[in-house]
Peer 1: 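To start, I am sharing the structure in question, which I have written as structure tokens.
Just so it is clear, the values below take in all heavy atoms, side chains as well, and ignore hydrogens, waters and symmetry mates. Quick caveat: nothing in here was measured; it's all calculated off a predicted structure.
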Amino acid sequence: LSVASPSSFGQDGGRAAGVWFGVTICTVLMCYVVSNLIPFLSDMMGFVGASCGMFTTYLFPCAFSLKILNLSRWEAGAVSVVAIGALLISAVGMYATLANIKSNLGKGGGVFPC
């Protein structure tokens, strides 16, 4: 089990530890600022998941298997049904997420609401 620390990169000493600590703090602060600057971050993440999740999980493997493998007619039909179903579910998810974003636009939580 390797831990991301200065010693895991083969550098020992105070300077490497300081750089590692600085990069860690900057990463955490940047994530905090971005998550608070975008009022509807969870809705945006839902849209990204609906638009990209189905493609990487179902559509790309289906397309690759149709292109690369020598499938029978029945297998190719089953793979095509899975791909079409994934497209439909992705479209419904993107529509629902966009509708949710549209309904939340007027409410506006503001920047740094906490």
Peer 1: Please report the shortest heavy-atom distance between A86 and L59, naming the atom on each side.
Peer 2: CB-CD2, 4.0 Å

Peer 1: Do F21 and L29 sit in one hydrophobic cluster, given that two such residues count as connected whenever their side-chain heavy atoms are within less than 4.5 Å of each other, even indirectly?
Peer 2: yes

Peer 1: With rounding to the nearest 0.5 Å, note down the distance linking OH in Y95 to CG in L98.
Peer 2: 9.5 Å

Peer 1: Flag yes if I89 and L87 sit in one hydrophobic cluster, no otherwise; membership is Ile, Leu, Val, Met, Phe, Trp, Tyr, and two members link when side-chain heavy atoms are under 4.5 Å apart.
Peer 2: no

Peer 1: Step through the shown structure and confirm whether more than 12 heavy atoms of other residues, nucleotides or ligands are within 6.0 Å of CE on M45.
Peer 2: no

Peer 1: At their closest point, which heavy atom of T27 faces which heavy atom of V23, and how far apart are they?
Peer 2: OG1-O, 2.8 Å

Peer 1: So, S51 side chain and V48 main chain: donor-acceptor pair closer than 3.5 Å or not?
Peer 2: yes

Peer 1: Shortest non-hydrogen contact from L71 to S65?
Peer 2: CD1-O, 3.8 Å

Peer 1: Search all heavy atoms of T97 against all heavy atoms of F47 and return the closest pair with its distance.
Peer 2: CG2-N, 3.3 Å

Peer 1: Between I68 and F60, is there a shared hydrophobic cluster once you connect ILVMFWY residues whose side-chain heavy atoms come closer than 4.5 Å?
Peer 2: yes

Peer 1: Looking only at heavy atoms, what is the nearest atom pair of A50 and G93, with distance?
Peer 2: CB-C, 3.7 Å

Peer 1: Spell out, yes or no, whether V34 and M44 are grouped together once hydrophobic residues are joined by side-chain heavy atoms under 4.5 Å, including indirect joins.
Peer 2: yes

Peer 1: Measure across L66 and S80 and return the closest heavy-atom pair with its distance rounded to 0.1 Å.
Peer 2: CD1-OG, 4.0 Å

Peer 1: Please report the interatomic distance CD(E75) to CG(N70), rounded to the nearest 0.5 Å.
Peer 2: 9.0 Å

